[in-house]
Asks: 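This structure is in structure tokens; I'll ask about it shortly.
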Number of protein chains: 2
Amino acid sequence: MNENAAPTLVESVYRRLREDIIRGVLIADSKLRISELRERYDVGGSPLREALNRLVSEGLVISIGQRGFHVPPISLDELRDLTETRILIETEALRRSILAGSDDWEDGVVVAFHSLGRIERRGDIDSEDRERRNRAFHQALMSACPLKKLLQVHEELYDLHGRYRAIAIGLDMNRRNLFDEHEAIYNAALGRDADTACEAARQHILLTAQVVEQRMADMAAQREQRKGAGKLSRA
Amino acid sequence: MNENAAPTLVESVYRRLREDIIRGVLIADSKLRISELRERYDVGGSPLREALNRLVSEGLVISIGQRGFHVPPISLDELRDLTETRILIETEALRRSILAGSDDWEDGVVVAFHSLGRIERRGDIDSEDRERRNRAFHQALMSACPLKKLLQVHEELYDLHGRYRAIAIGLDMNRRNLFDEHEAIYNAALGRDADTACEAARQHILLTAQVVEQRMADMAAQREQRKGAGKLSRA
DNA sequence: TATTGCCAAAAAATCGATTTTCTCCTAAGC
DNA sequence: GCTTAGGAGAAAATCGATTTTTTGGCAATA
């Protein structure tokens, strides 16, 4: 049996849908027509609808009775809300993890950090691998937090936030040194300095969010301009 | 059109399943056979499975590929995890709510408190109404928290916790004065004393959890005893 | 010109039947 | 007596068809 094979069609299409929504392949605010999705993922209506319903509870899909499913819209307000909430949860989990972390935890953090650093130094824009290792690093840092439910909540928020990060993929390379930001968290964590680590994590998340905000503003401006041009050409 | 009518069968059976799981009507760790549920809720397989899949994402149902759905087991470990995480989220939301609360917020809190107090003083064991008003009170307290996502997370945790509270329904009347506990939070909140309010809320949640722990221990002891008796009778 | 009512096409929701996969019991073999 | 193979029945997963609801356009009306 293949380890990766989903035991169920629901499971498989659920994961693929999830990825596509978080990555922005399925556009925010767009309609998810059952017939189109059936074709896209090559599954029947039943497993598809079941997968969609799972995503509804995660906030990654919106269901409107008798009017089908939609990708949730994005907004500056939600980004800010999500960012602040994620900071709250992530710093709390990080703090508890640092307090409770064993030798194994340290090992895991070291591995994740170096693995991520290698990719970052290589400078690949390849977001696939990068995003995975980035996530793994953040998770490794928090993994010793004894509150499992807190970690679950964080995962949820991280993925909701991921939809916004996807907007700005590749954009922050120029302005920021992500490696330094990660290193600051890393050093403080291994040094068991929870306050410093949390502050570094907070800054790191905030900076990422700011890049996204900038990008959203740019996009809004572009939309404005196109609208203006449209008016002119119609006049 | 009836305001309360679910626009969709999925929605309707989702709510009913949810209630029954949280209330403990559907027993922890039991199997949820599609055919039985179909009969119980008088719906077809498709809406039923869709509703179940929503609950899977909320952690109120477990899905095992090709082996159907189950009510999640309960455990002392999870209770403690859930309790501490809920305290964390609820006190944070409460703190921010107190800081940001407007006059309207105060009004809402006053109404919710008195409404709950009336029920409590009446001493009905009726959990239906009581639970609803209790929830409403807690929500009113936090409602001015600007982080909407934090409130959503709280709701999720509150309901997961509800499964445990259901175990001890009616049991805490003897030992505790719930009214006083609520009043302490109420007074501190309206007095804009966030620290005191958070501490009171923390104590309140902890006390409830302790009653549940006690009850779980009792049940475990009873099980032990029955097992012993079984052994004897078989011998 | 704006509004309303109606109809056909499209889409969503749901059902009933089929296929696939597990479960448990029986019996043969060690 | 214990383990393992086989198979019938039960249950889960999925599909295809049906029913219900919405959408969008067009014409009639104010």
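Residue numbering restarts at 1 for every chain, and letters A, B, ... go by the order of the sequence lines.
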Asks: Does Ala166(A) have any side-chain contact (heavy atoms from CB on, under 4.5 Å) partners at least two apart in sequence or in another chain, and if so, which?
Replies: none
Asks: How many whole angstroms separate atom CG of Leu52(A) from atom P of dA12(C)?
Replies: 10 Å
Asks: On the ring face of Tyr41(A), is Arg16(A) found with NZ or CZ under 6.0 Å from the centre and within 45° of the axis?
Replies: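 The answer is no, since Arg16(A) fails at least one limit relative to Tyr41(A).
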Asks: To the nearest Å, give me how far apart CD1 (Ile62(B)) and P (dA12(D)) are.
Replies: 15 Å
Asks: Figure out the CG/P separation between Leu37(B) and dA11(D), and round it to whole Å.
Replies: 12 Å
Asks: What's the closest nucleotide to the side chain of Thr8(A) if the choices are dA13(C), dT14(D), dA12(C)?
Replies: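 Selected nucleotide (nearest to the side chain): dT14(D).
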Asks: According to side-chain contact (heavy atoms from CB on, under 4.5 Å), who are the partners of Ile34(B), at least two apart in sequence or on a separate chain?
Replies: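 Residues passing side-chain contact (heavy atoms from CB on, under 4.5 Å) with Ile34(B): Arg38(B), Leu48(B), Arg49(B), Leu52(B), Phe69(B).
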Asks: So, using side-chain contact (heavy atoms from CB on, under 4.5 Å) as the criterion, who are the partners of Asp29(A) when residues are at least two apart?
Replies: Pro73(A)
Asks: Mind calculating the distance between CD1 (Ile34(B)) and P (dT19(C)) to the nearest angstrom?
Replies: 20 Å
Asks: What is the separation between atom NE2 on His70(B) and atom C1' on dA11(D), rounded to the nearest whole Å?
Replies: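 Taking NE2 of His70(B) and C1' of dA11(D), I get 11 Å after rounding.
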Asks: Can you figure out which of dA11(D), dA11(C), dT14(C) approaches the side chain of Lys31(A) most closely?
Replies: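 My answer, after comparing the listed nucleotides, is dA11(C).
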Asks: Take atom CD of Glu50(B) and atom C1' of dT14(C), then tell me their distance rounded to the nearest Å.
Replies: 9 Å
Asks: Arg33(A): which residues meet the side-chain hydrogen bond (donor to acceptor under 3.5 Å, both in side chains) condition with it, sequence neighbours left out?
Replies: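 Partners of Arg33(A) by the side-chain hydrogen bond (donor to acceptor under 3.5 Å, both in side chains) criterion, ordered by chain and then number, come out as Glu36(A).
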Asks: Rounding to an integer number of Å, can you tell me how far Leu32(A) CG sits from dA11(C) P?
Replies: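 Rounded to whole Å, this separation is 14 Å.
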Asks: When you compare the protein's N or O atoms with those of nucleotides 15-22 of chain D, which come within less than 3.5 Å of each other, and at what distance?
Replies:
residue	atom	partner	partner atom	Å
dC15(D)	OP2	Gly44(A)	N	3.0
dC15(D)	N4	Ser46(A)	OG	2.9

Asks: Between His182(A) and Phe137(A), what is the ring plane arrangement, given parallel below 30°, perpendicular above 60°, and tilted in between?
Replies: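 Because their plane-to-plane angle is over 60°, the rings of His182(A) and Phe137(A) count as perpendicular.
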Asks: Measure the distance from CD on Glu39(B) to P on dA11(D) and round it to the nearest whole Å.
Replies: 12 Å
Asks: May I ask you to say what Leu48(B) touches in the nucleic acid, namely base, sugar-phosphate or nothing, with a heavy-atom cut-off under 4.0 Å?
Replies: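 The residue Leu48(B) makes no contact with any strand.
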Asks: Which pairs pass side-chain hydrogen bond (donor to acceptor under 3.5 Å, both in side chains) with one or both residues in residues 106-115 of chain A, sequence neighbours excluded?
Replies: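 Pairs touching residues 106-115 of chain A that pass the test: Glu106(A)-Arg192(A), Ser115(A)-Arg133(A).
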Asks: Any base atoms under 4.0 Å from Arg49(B), or only sugar-phosphate, or nothing? Heavy atoms, all strands.
Replies: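 Arg49(B): base contact, heavy atoms under 4.0 Å.
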